[in-house]
Student: 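The structure's right below; bear with me while I get my questions together.
Hydrogens, waters and symmetry mates play no part in the numbers below; they use all other heavy atoms, side chains included. Predicted, not measured: the structure shown is a model, and the values here were computed from it.
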Amino acid sequence: MSDPFDLDDDIPFDAPATPAAPMPTPWLEGLNPEQRLAVETTEGPVLVLSGAGTGKTRVLTTRLAHILMTRRARPWECLAVTFTNKAAREMRERIATMIGPVAENVWLGTFHSLGVRLLRRHAELVGLNSNFTILDTDDQERLLKQLMEAEKLDTKKWTPRALSGTIQRWKDRGLTPAKVDGGEAGEFAGGRAVQLYGQYQDRLRTLNACDFGDLLLHCLTIFQDQANADLLEDYQRRFHYILVDEYQDTNIAQYLWLRLLARKHKNICCVGDDDQSIYSWRGAEVGNILKFEQDFPGATVIRLESNYRSTPQILAAASGLIAHNTGRLGKTLRPGPATGNGDKVMVRGVWDGDEEARVVVEEMEALQRAGTPLSQMAVLVRAGFQTRAFEERLITCGVPYRVIGGLRFYERQEIRDAIAYFRVITQPADDLAFERIINLPKRGLGDATLQAMHVLSRAQSVPLVEAARLLCETDELKPKARGTLLRLLGDFARWRSLLGVMPVAELAGTVLDECGYVAMWKADKATGAEGRVENLKELVGSLEEFDSLGGFLEHVALVMDAEDKLNTDRVSLMTLHGAKGLEFDCVFLPGWEEGVFPHQRALGDNGQAGLEEERRLAYVGITRARKRVTILFAANRRIYNQWQSSAPSRFLEELPPSQVEVTSHQGLFGGRNTESSNWGTWNDAPQRWAKPAPVIDVTPHPSATSAGGFQAGDRVFHQKFGYGKVLAADGNKLEIAFDKAGTKKVIDSFVTAG
DNA sequence: GGGTCCCCGTTTTTT
DNA sequence: ACGGGGACCC
């Protein structure tokens, strides 16, 4: 990968037009007055409060284009920061279409990718080598566990995971071990949490590794050190204009980072929405956006309130709900010119989780018949486990869907294992990676061998790989283990010698073949093993795009999201958190019950603040919809296999009644619009919620040949359900009587002739 | 070094 | 219910 940032200051920058007064500014056309103000107020600190669907991204990109087109700054004098790779990519593309390839020279990226670039340049200032490794959470926790065990701590009472979390939160606040208030972690780890934090940082340094928090924290350390004042000034001088996306999600470390860089020119523009702050649990500090005007004196605050996404009913419902929060900067979404009138927000009470799924999928099918593409429908849940019931129902009804979130490609076990091999090749000192694969596939190098290596490694202060080599020169190991270890070390030496000689993809393939890792999965009869072999192939294939293994590893660490290339028409299932920034015509919001949403844990842990964040989550959910929102709540729900009756979410009462239409099955639910102003709870009046009549499947069952050529009577095979007989075919949908799984509807591309 | 049993936790997640 | 991890035994 080329590094545009290393091109530094001497790139010719040809703005398309020579500035002449008055300069034409076509890129400003079509902006509303507030948006235009946000774009044109280039000087000084600016806070753009942009509600959902008010054209935030457009403002950000246009602002950057405006700065460049009017030659206020050259591309490499602009810094644009986002949170996700997706947002960064989107912004880069949009800027490129507006101003052309010079856009590449803007410092544009996520906090972490920009942090990494700075840190690779100046790694030696914090005792690292510029080719440091970026650890994933697995590595972090394993490392902490080792440290805790060395301290004889009970890792069941105090889990490495919890300690990892504590350390991350400290890093989020820009605290190095020396800066943490000693008493802060209380009795955690016998009062030794801070000490462990220090040990952890030392260990990372010897491993030449960083965790995610370090990417920013080390930058801060460098910038805050008086000895590096010149360096800081260099960057301060460089960045004439700074743009920050999703400012409500920044943590304190990020805030300090920005403030340091903006100190000279003070042209910092932060865009965000305090009402969409839903990540406080991972260190985001709403306070950053709330006190922007104090932090950056003389700041201009601009509110974008004209919404181009949702119907007036949806906006009114969302606004009414969020108005229950305190401590807001305050903003009211107004329907913009483009939004038509729509239906009221539907609220629907159902008997249980199964009915909820049934009702939702039925409505989806009805909407589809009425012309809404499936890709314009989404089910947004509070927690991951809720998707299961919907998946099952969607499978049964043969409605294609995708689950967004969950395990990502690079988080799969086989991918992480493979990557550990690559890591040891590029960085022999990467003990964590070496430990991971030393006996994978099983080659008889167990605890005893590892133990001996650790002892030697510690005694000699050398990496494990080196300790292993030394160990092989002694008689300490049994001959068999010694032979195996020598062979492994020899393999690594050979693979390493191929670096830069053999194309990376080929090298990767060779490594995974020769070490026996692929063979291991090929020999595995368990379900999913073939899938893993496939994934490994895909991994090797994806390496084609890289010209160095190191570049690939950085990509893996920083760009975890693998773009979904499938453009098929599918319903989306995801968490409310995952839906932020997305929009759909029709949104389903199930599980609005006390304990589920607002979630019990959110209420317990943080009281009022926790509740308000849950409410913001609800606000995010509602404002994802363009045309239609359906909220559901169930009287009974099975949680951890235990049936519980539940009360409707308090958020339901907070929706403005005039914007809501309560519907119910079979007189299940009276609703306050027609009855009293009081919402009954399930517990108060269980007799009101008689079990509804079963839902009758009204989908036609024509018997014909499917698009894929299947017809009634065919024997087929399905990955999940096994063998079965086709009962009916309709377009690409088949109704199949499976031998074991019963009768289900599936899409014909999921089955093969059996 | 490998298999079995018990216990624990089970909100949200990017980088 | 269920999976992961650790302790324990062969």
Student: Answer with base, sugar-phosphate or nothing: what part of the nucleic acid does A/Gly444 contact at a heavy-atom distance below 4.0 Å?
Tutor: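 The residue A/Gly444 makes sugar-phosphate contact but no base contact.
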Student: Identify whether any heavy atom of A/Gly384 sits under 4.0 Å from a base atom; if not, whether one sits that close to sugar-phosphate; answer base, sugar-phosphate or nothing.
Tutor: sugar-phosphate
Student: Can you check the A/Asp154 CG to B/dC8 P distance for me, whole Å?
Tutor: 12 Å
Student: Specify the residue among A/Arg443 and A/Gly578 whose closest nucleotide of DNA chain B lies further upstream toward the 5′ end.
Tutor: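 Counting from the 5' end, the first nearest nucleotide belongs to A/Arg443.
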Student: Starting from P on B/dT14, measure out to CG on A/Leu114 and report it in whole angstrom.
Tutor: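 Interatomic distance, CG of A/Leu114 to P of B/dT14: 19 Å.
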Student: Nearest whole Å is fine: how far is B/dT15 P from A/Glu554 CD?
Tutor: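 Taking atom P of B/dT15 as the reference, CD of A/Glu554 is at 14 Å.
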Student: I need the CZ-P distance between A/Arg161 and B/dC8, as an integer number of Å.
Tutor: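 Roughly 17 Å, once rounded to whole Å.
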Student: To the nearest 0.5 angstrom, please state how far the CG atom of A/Asp214 sits from the CD1 atom of A/Ile134.
Tutor: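 A/Asp214 atom CG to A/Ile134 atom CD1 measures 10.5 Å (nearest 0.5 Å).
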Student: Hey, are the side chains of A/Ile631 and A/Phe597 touching, using non-hydrogen atoms and a 4.5 Å cut-off?
Tutor: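 No, too far: nothing below the 4.5 Å cut-off.
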Student: For B/dT12, is there a stacking contact with A/Trp281, counting only centres under 5.5 Å and planes under 30°?
Tutor: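 Yes; by the centre-distance and plane-angle rule, A/Trp281 counts as stacking on B/dT12.
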Student: Whole-Å distance between B/dT15 C1' and A/Arg282 CZ?
Tutor: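 Atom CZ in A/Arg282 sits about 8 Å away from atom C1' in B/dT15.
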Student: Check whether the aromatic ring of A/Tyr640 stacks on the base of B/dT10, taking stacking as ring centres less than 5.5 Å apart and planes within 30° of each other.
Tutor: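 One would call A/Tyr640 stacked on the B/dT10 base.
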Student: Let me see the working for A/Arg89 and A/Glu93 under salt bridge (charged side-chain N to carboxylate O under 4.0 Å, His left out), right down to the final yes or no.
Tutor: CA-CA 6 Å; A/Arg89 208 182 309 130; A/Glu93 281 161 12; 5.6 Å; no
Student: Name the residue closer to the 5' end of DNA chain B, choosing between A/His599 and A/Leu445 according to the nucleotide with the nearest heavy atom.
Tutor: A/Leu445
Student: Do side-chain atoms of A/Asp430 reach the backbone of A/Arg423 as a donor and acceptor pair under 3.5 angstrom?
Tutor: no
Student: Could you tell me whether the side chain of A/Arg624 and the main chain of A/Val620 form a donor-acceptor pair under 3.5 Å?
Tutor: yes
Student: For A/Ile639 and B/dT11, what is the distance between atoms CD1 and C1' respectively, to the nearest whole Å?
Tutor: 12 Å
Student: Of all the choices, B/dG2, B/dT12, B/dT15, which nucleotide is nearest to the side chain of A/Phe212 once you look at every atom?
Tutor: B/dT15
Student: Do A/Tyr200 and A/Asp211 meet the criterion of a side-chain donor-acceptor pair at a distance under 3.5 Å?
Tutor: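 There is such a pair (donor and acceptor under 3.5 Å, judged by atom type) between the side chains of A/Tyr200 and A/Asp211.
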Student: As a test of reading the structure: which of B/dT14, B/dT10, B/dT12 is closest to the side chain of A/Thr575, going by heavy atoms?
Tutor: B/dT12
Student: Which of these passes salt bridge (charged side-chain N to carboxylate O under 4.0 Å, His left out) with A/Glu614: A/Arg382, A/Arg650, A/Arg601?
Tutor: A/Arg382
Student: In terms of side-chain heavy atoms of A/Arg601, which of B/dT11, B/dG2, B/dT15 is nearest?
Tutor: B/dT11
Student: Nearest whole Å is fine: how far is B/dG3 C1' from A/Lys442 NZ?
Tutor: 12 Å
Student: Detail all sub-3.5 Å separations between protein N/O atoms and N/O atoms belonging to nucleotides 6-10 of chain C.
Tutor:
residue	atom	partner	partner atom	Å
C/dG6	OP1	A/Lys145	NZ	2.6

Student: Can you check whether A/Asn85 has a side-chain N or O nearer than 4.0 Å to OP1 or OP2 of B/dT14?
Tutor: no
Student: Could you work out, with salt bridge (Lys or Arg N to Asp or Glu O under 4.0 Å) as the rule, every residue matching A/Arg282, not counting sequence neighbours?
Tutor: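 Expected list: none.
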Student: I need the CG-P distance between A/Leu617 and B/dT12, as an integer number of Å.
Tutor: 11 Å
Student: Checking all strands, does A/Asp447 fall into the base, sugar-phosphate, or nothing category for heavy-atom contacts under 4.0 angstrom?
Tutor: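 Answer is sugar-phosphate: A/Asp447 comes under 4.0 Å of backbone atoms only.
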